[in-house]
Amino acid sequence: MASNSTKSFLADAGYGEQELDANSALMELDKGLRSGKLGEQCEAVVRFPRLFQKYPFPILINSAFLKLADVFRVGNNFLRLCVLKVTQQSEKHLEKILNVDEFVKRIFSVIHSNDPVARAITLRMLGSLASIIPERKNAHHSIRQSLDSHDNVEVEAAVFAAANFSAQSKDFAVGICNKISEMIQGLATPVDLKLKLIPILQHMHHDAILASSARQLLQQLVTSYPSTRMVIVSLHTFTLLAASSLVDTPKQIQLLLQYLKNDPRKAVKRLAIQDLKLLANKTPHTWSREDIQALCECALQTPYDSLKLGMLSVLATLSGTIAIKHSSSLAPGDAGSSPRASDLVKLAYECCYHNSRGIAAHGVRVLTNIAVSCQEKDLLALEQGAVFGLESLLVLCSQDDSPGAQATLKIALNCMVKLAKGRPHLSQSVVEALLTQLHSAQDAARILLCHCLAAIAMQLPVLGDGMLGDLVELYKVIGRSATDKQQELLVSLATVIFVASQKALSAEVKAVIKQQLESVSNGWTVYRIARQASRMGNHDMARELYQSLLTQVASEHFYFWLNSLKEFSHAEQCLTGLQEEDYSSALSCIAEALKFYHKGIASLTAASTPLNPLSFQCEFVKLRIDLLQAFSQLICTCNSLKTSPPPAIATTIAMTLGNDLQRCGRISNQMKQSMEEFRSLASRYGDLYQASFDADSATLRNVELQQQSCLLISHAIEALILDPESASVQEYGSAGAARADSEYERRMMSVYSRVLEEVESLNRKYTPVSYMHTACLCNAIIALLKVPLSFQRYFFQKLQSTSIKLALSPSPRNPAEPVAVQNNQQLALKVEGVVQHGSKPGLFRKIQSVCLNVSSTLQSKSGQDYKIPIDSMTNEMEQRVEPHNDYFSTQFLLNFAILGTHSIAVESSVKDANGIVWKTGPRTTIFVKSLEDPYSQQIRLQQQQAQQPLQQQQQRNAYTRF
């Protein structure tokens, strides 16, 4: 239990190791490099990539690569090979080498060796460095020279280097193109070498003229050398060149289709299919109707199943893109439309019931994509064909445990979800087919079927009630073995039951689930089911399951984590007893919930560790506590209209002050405070949203819904009581327009729309504050709290982990000491940063750019106490940089004209591909001491010395007069 749960909310592996300081680690490796034993030297060399991963800043990487270059220069060929492998593994760190000239100079010295193997390794090393030295003419010259070598190893290395430099340098590509052309066409060049030279031409895409000459050469090769190997290599290079240069893609598609149709060799046909698949993924918009028609004809005519499978795979890829809309967008009167449309559909129908599972799966994909994407009304036959094809594939694959059958089943189930979403009227028959197969399928297939049912029930909750009975019956008879598949099936089935039941679970369903779990010894399964119950709002079930797990964990941190989850579930369970119009019981329910929430937050704080601070969880729960307190306070404020009505002279006071609200008594000020409190809570939810860069979309949507609840109540207070004239409901009316993805979101949206309707009906009809207004506010609170809170995935699991590590220079040796700078000079602050990822980088969103904000404030002043302009006391600067290979660097010029100690704070935030800014941090602070420059200090001392005799003379004169 403990080892498994570590995976869920301890972010990344590798934390907690005893790590050396960066310099110490480098010194350890340097000691190995200087060892007299070859084995120790090699061991030190191969440990460098791990060092770069741990300390990815330029100062260390520069020193390390210079040491490796020295080893490369003086070592033997085996050591050189090790250095080459390290360089190729550390490609993303190469641009951090500061002394590139010195590094390349040490490497390049080996190119003049008499040993062809040493020269070959050097050429490969230069090729691996092409990204940082693309325009080095001496490297270009050495590669051209080595292509004419008589040693095969050296020539192959030169070919490798030429390919890498052609990809990076336009000048090299232009210069080497003719040389490559001569070698390929030369009779003296062996065929094997020609086959290695041809792929270099794929990089000749730097301009249109170069790409055109490369295409002409490839065209000649394809016709002049008809052997299988030569045609395959030439065609593939042709395709890669077209995909990069873009302008010749339609011609390339036609050429590949021509070879697919006319060339009798299966190897060439397979290569053509593979390249067509590449172009279908990369440039589907360049496919014309004629191309799709030609591919359909080939697939209909071919007798080979393997080729048919490949062609169908291409068509299935195209059917999910804009290309299929092009092919089916002909006008009805077009004479050519019917055969074109019917060929694709005919092929799909023919393949749906093929005895090969792969062909059947792709046929079904094509039918599903056409049925979902086409807008015509008379699609009944097509839709029925897709459903029947899916059902037959489902029956075929659900009885088979082999990996191939499972992969095919996944394709079919994805198509079912897509069909149910795109054509809701077909969802009932799809669900019936799934439930029928669920009873007889193998365990591995049952898990996938459950996932599919859950996805459909989330989209179409109306189908949930219909499937609940079958699911509970199946849960009763499911096997009780402790195999992984059985455990996974228990979790999957329970998840579908939670989704299907929508509201609260019935006692019978709870009893069935608990009875099954009692016989299961695996606590991790119970925890996963409890987690799903928390996500779906079944808090009573979740509380009982968490309670049963408390004594099964081996760590006190896990105990406190489970205890906090139990308390939160108990708190949310207290809110299920709320009734409309019963405000006193609402107050007691909220008070009871707050009691358990406070217990839970104490346990949650105890569960956090320095390596896993649970910051999102703590902040989310604190906000929930503050929200419940704000709701409780607002209900008390509404009740105060009855317990403390406005005094008799309230109208006179209102007329005297010119504020009409004062006639309502003290409730008006209380309402104003409540509105500000809800707006403050909404702002804090917004901050939590911005700080959760790694959260999944469902969690972010949940936080957004909590924020909207706060804004809704603050708007209702303003519209009903504080400012009925100017408050507008229109801006909130579009909140429910977006399609809801979960039952929790649907229920919240319906509450929002209902509350807004009530507010609008009362708005401007009755003068505030009446009992109608306070009842409307209290009912809105109760309606919001009656929707069970959903604890989403990010509360339990961190699937994506992204962090930024900053390094500032100059930086003091001791963090407490300030950096000295003269007041007449500007400080050049260099900020370097590294983006660190977990095991799944970019799963939900990727960093597009990093925004660095630098600000300085005066801490203590050491100069004369005169008035200082505010502009010279602070520095405020912002720069946006784009990380390259997860590294970024920039500089700021800061002015410290005022003598004294200044604090510089550097804060980073990130911008994702959609332009959304996320406040990920970190925030780093250093201190700067601004000192007076020597010349000004000398002038000031001279002035002071000149003023001293004058002051003494004035004092003597004063004494004399006295």
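Residue numbers start at 1 and run along the sequence shown. Basis for what follows: all heavy atoms, side chains included, without hydrogens, waters or symmetry-related copies.
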task: For the pair D626 and R684, evaluate salt bridge (Lys or Arg N to Asp or Glu O under 4.0 Å) and give the outcome as yes or no after the intermediate values.
output: CA-CA 11 Å; D626 291 347; R684 285 171 60 195; 2.7 Å; yes
Exercise for the section: Just do the salt bridge (Lys or Arg N to Asp or Glu O under 4.0 Å) check on D443 and R446 with the steps written out, would you? Expected result: CA-CA 5 Å; D443 281 348; R446 279 176 170 178; 3.6 Å; yes
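Inter-residue side-chain proximity for F796 and Y527 is flagged as met; some heavy-atom pair is nearer than 4.5 Å. A 4.5 Å side-chain heavy-atom check between Q399 and Q437 finds at least one atom pair inside the cut-off. Side-chain contact between W561 and L604 is present, with at least one heavy-atom pair separated by less than 4.5 Å. The shortest distance between side-chain heavy atoms of E572 and R624 falls below 4.5 Å. Considering only heavy atoms from C-beta on, L413 comes within 4.5 Å of L394 through its side chain. Using a 4.5 Å heavy-atom cutoff, the side chains of Y546 and V526 are not in contact.
Aromatic rings from F844 and Y794 are positioned such that their centres are separated by 6.0 Å or more.
The SG atom of C397 lies 10.5 Å from the CG atom of L449; values are rounded to the nearest 0.5 Å. For the atom pair E567 CD and Q547 CD, the distance stands at 8.5 Å (nearest 0.5 Å). The CD1 atom of I513 sits 11.0 Å away from the CD atom of E508 when rounded to the nearest 0.5 Å.
By the neighbour-count criterion of 12 heavy atoms within 6.0 Å, atom OH of Y559 is sparsely surrounded, having that number or fewer from other residues, nucleotides or ligands. Crowding of K485 atom NZ: a count of heavy atoms from other residues, nucleotides or ligands under 6.0 Å not exceeding 12.
Ring pair F795/F620 is perpendicular by interplanar angle, where above 60° counts as perpendicular and below 30° as parallel.
A salt bridge does not link E757 to R754: none of the charged side-chain nitrogens sits closer than 4.0 Å to a carboxylate oxygen. The residues R845 and D694 are annotated as not salt-bridged, no charged nitrogen and carboxylate oxygen being separated by less than 4.0 angstrom.
Applying side-chain contact (heavy atoms from CB on, under 4.5 Å) to Y685 and the options E619, E704, Q706 leaves one that passes, Q706.
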